[in-house]
Amino acid sequence: MKQIFTIFQKELKDTLRDRRTLMTMIVIPVLVFPVILTVFVNVSERFQKEAMDKTMHIGYVAHEDNLVLESLKLLPDSLTKIKLIEVSDAKVLSTLIQEDSLQAGLTFDGDFQAKVSGEQTAKMEVLVNATKIGNKDRVKSYLELISEALKQERLQRLNILQEQITPIDVTYTNTASDKETIGKLAGGILPYLFIAFGFLGCMYPAIDLFTGEKERGTIETLLTTPVERWKILLGKMIVVVLSGLLAASLALFGLFVSIEILDLIKDPQLLEIVRSILSVKFLFMLYLLLIPMTIFFAGLMIPIAVYAKTFKEAQSIITPLNFVVILPAMIGFFPGIELNVATAAIPIVNVVLATKELIAGTLDFGLLAISFSVMLILAAISVFISFKQFDKETNVVL
């Protein structure tokens, strides 16, 4: 055990001297959440402000003035900024909207005003460019406001109460808690980032401690010491695993900094939910899944790093593995995919889905046990393969 710890200390010092490793293991994970949240919050606020301040140019094709156009003109400036522009025909209207000269267009049936006045249903068409986010919702809110006012006016004129034409009043209630809703809908982001940084955190130390030592010619010296080869492998592997866990942990620390220090989450209710999620129990369960997964990552990389002749060769082989790992992690973003016996047996997917359930507070401990066991078995297999590769003389000596 003393020999393993000595090798571990030596490799850890070498790893911490490498700037490239420090960047992927410490600097980037710490900054990722503050940077992402800062950019997201600032961009969202800027777009909202621009949308509120921007005058909306609405074109229309009408045979005569009607109540809708008159009502749009009368909307208060405090509610909206609208400029109505008359256009000759629908084709020109469509072209102007496509060019973004207009943000929306209105066309009316020839007898639109007559039908409105005659207590009938009049038809109009709203033209928008769906690629321009927000325009449809904005004009829809104006027209709904006008439609409701005209409806109430008609009911009053006909001496009809709203209750007389509304036989059923339907209310939709969400039975899931806010925490569960966030966990199910957005909980895939957190494990996705942990997996990505866990993988990156393992990659450079794995390459440097095996392929790098072969290139530097120091691996031969290490192998001549009176230490069994499996102990050398284990000492190096512990450093690789700790590097991956450190990168994932610092990403979590970056999230904590964003919430508690930078105060980037403004909504008090959302802030309270996020704080309740990041509990001691959550962290314990999370690391229960992260540790075997990180060992599995290390076990994938080390045989490649042992086999490769140069740092560049090892990097070119291991880097594409990142996509193999990230693609299953993206399963967490897909709606309708839940943790069950089948998905709990799929590597990486089980970690993502289990973490989502953990965030939502709906984790089944039986499924957690299956997920943990699967990752543990894969970790053991990957360690065994690493030992077999490291034990071959042709792989460790150039």
Side-chain angles (χ1 to χ4, degrees), residues 44-176 178 181 185 266-267 269-270:
S44 297
E45 288 179 350
R46 183 168 65 84
F47 273 109
Q48 286 178 359
K49 188 176 185 301
E50 285 180 359
M52 293 298 294
D53 294 340
K54 184 179 179 181
T55 298
M56 189 172 198
H57 295 84
I58 300 177
Y60 67 92
V61 179
H63 302 284
E64 57 182 347
D65 282 344
N66 56 59
L67 284 172
V68 171
L69 295 174
E70 291 175 6
S71 299
L72 281 171
K73 293 173 184 176
L74 294 173
L75 284 175
D77 291 337
S78 58
L79 177 66
T80 181
K81 294 181 179 179
I82 294 175
K83 184 175 181 181
L84 291 174
I85 300 170
E86 186 172 4
V87 179
S88 58
D89 58 59
K91 187 176 180 180
V92 174
L93 187 64
S94 180
T95 302
L96 291 173
I97 293 170
Q98 200 63 32
E99 294 172 353
D100 202 32
S101 299
L102 299 174
Q103 284 72 59
L106 309 176
T107 63
F108 304 88
D109 285 350
D111 55 353
F112 182 87
Q113 183 59 42
K115 284 187 175 181
V116 172
S117 303
E119 318 299 354
Q120 298 178 51
T121 300
K123 292 185 179 181
M124 63 179 291
E125 184 181 6
V126 181
L127 286 73
V128 292
N129 185 342
T131 63
K132 306 297 181 181
I133 306 299
N135 286 347
K136 179 182 176 181
D137 291 335
R138 191 172 171 186
V139 73
K140 184 179 178 182
S141 66
Y142 304 151
L143 294 176
E144 284 179 348
L145 191 68
I146 293 168
S147 179
E148 182 61 26
L150 292 174
K151 177 183 172 183
Q152 294 300 325
E153 182 184 327
R154 180 179 289 186
L155 291 175
Q156 187 176 5
R157 188 166 60 250
L158 297 174
N159 198 25
I160 299 173
L161 297 175
Q162 179 72 43
E163 291 78 4
Q164 291 177 285
I165 59 170
T166 309
I168 301 174
D169 185 12
V170 180
T171 301
Y172 294 92
T173 303
N174 181 14
T175 58
D178 292 336
T181 303
L185 298 180
K266 306 297 184 183
D267 187 340
Q269 187 177 4
L270 178 59

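Residues take their numbers from the sequence shown, with the count starting at 1.
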Measuring only between side-chain heavy atoms, which start at C-beta, is [X] closer than 4.5 Å to [Y]?
X: Lys115; Y: Thr121; result: no
X: Ile58; Y: Leu102; result: no
X: Leu69; Y: Phe108; result: yes
X: Glu119; Y: Arg157; result: yes
X: Leu72; Y: Leu106; result: yes
X: Ile165; Y: Leu155; result: yes
X: Asn129; Y: Gln98; result: yes

Where is the tightest heavy-atom contact between [X] and [Y], given as atom of each residue plus distance?
X: Val87; Y: Gly59; value: CG2-CA, 4.4 Å
X: His57; Y: Ile85; value: CD2-CD1, 3.9 Å
X: Met56; Y: Ala104; value: CE-CB, 4.1 Å
X: Ala90; Y: Val61; value: N-CG2, 3.9 Å

Interatomic distance, [X] atom [atom1] to [Y] atom [atom2] [nearest 0.5 angstrom]:
X: Leu75; Y: Lys81; atom1: CG; atom2: NZ; answer: 14.5 Å
X: Glu70; Y: Gln113; atom1: CD; atom2: CD; answer: 7.0 Å
X: Asn66; Y: Asp111; atom1: CG; atom2: CG; answer: 11.5 Å
X: Leu93; Y: Glu125; atom1: CG; atom2: CD; answer: 9.0 Å

Give me the one residue out of Gln156, Glu148, Arg154 that meets side chain to side chain donor-acceptor pair (under 3.5 Å) with Gln152.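 When side chain to side chain donor-acceptor pair (under 3.5 Å) is applied between Gln152 and each of Gln156, Glu148, Arg154, only Glu148 qualifies.
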Is it the case that the side chain of [X] and the backbone of [Y] share a donor-acceptor pair, with hydrogens and angles ignored and the cut-off at 3.5 Å?
X: Asp109; Y: Phe112; value: no
X: Ser117; Y: Ala114; value: no
X: Ser147; Y: Leu143; value: no

In terms of side-chain heavy atoms, does Glu99 have a donor or acceptor partner in Thr95 at a distance below 3.5 Å?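 Judged by distance alone, the side chains do not pair up.
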Other residues, nucleotides, ligands: >12 heavy atoms within 6.0 Å of Lys73 NZ: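 More than 12 within 6.0 Å, yes.
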Verify the neighbour count for atom CG of Asp89: are there more than 12 heavy atoms of other residues, nucleotides or ligands below 6.0 Å?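 Counting other residues, nucleotides and ligands, CG of Asp89 exceeds 12 neighbours.
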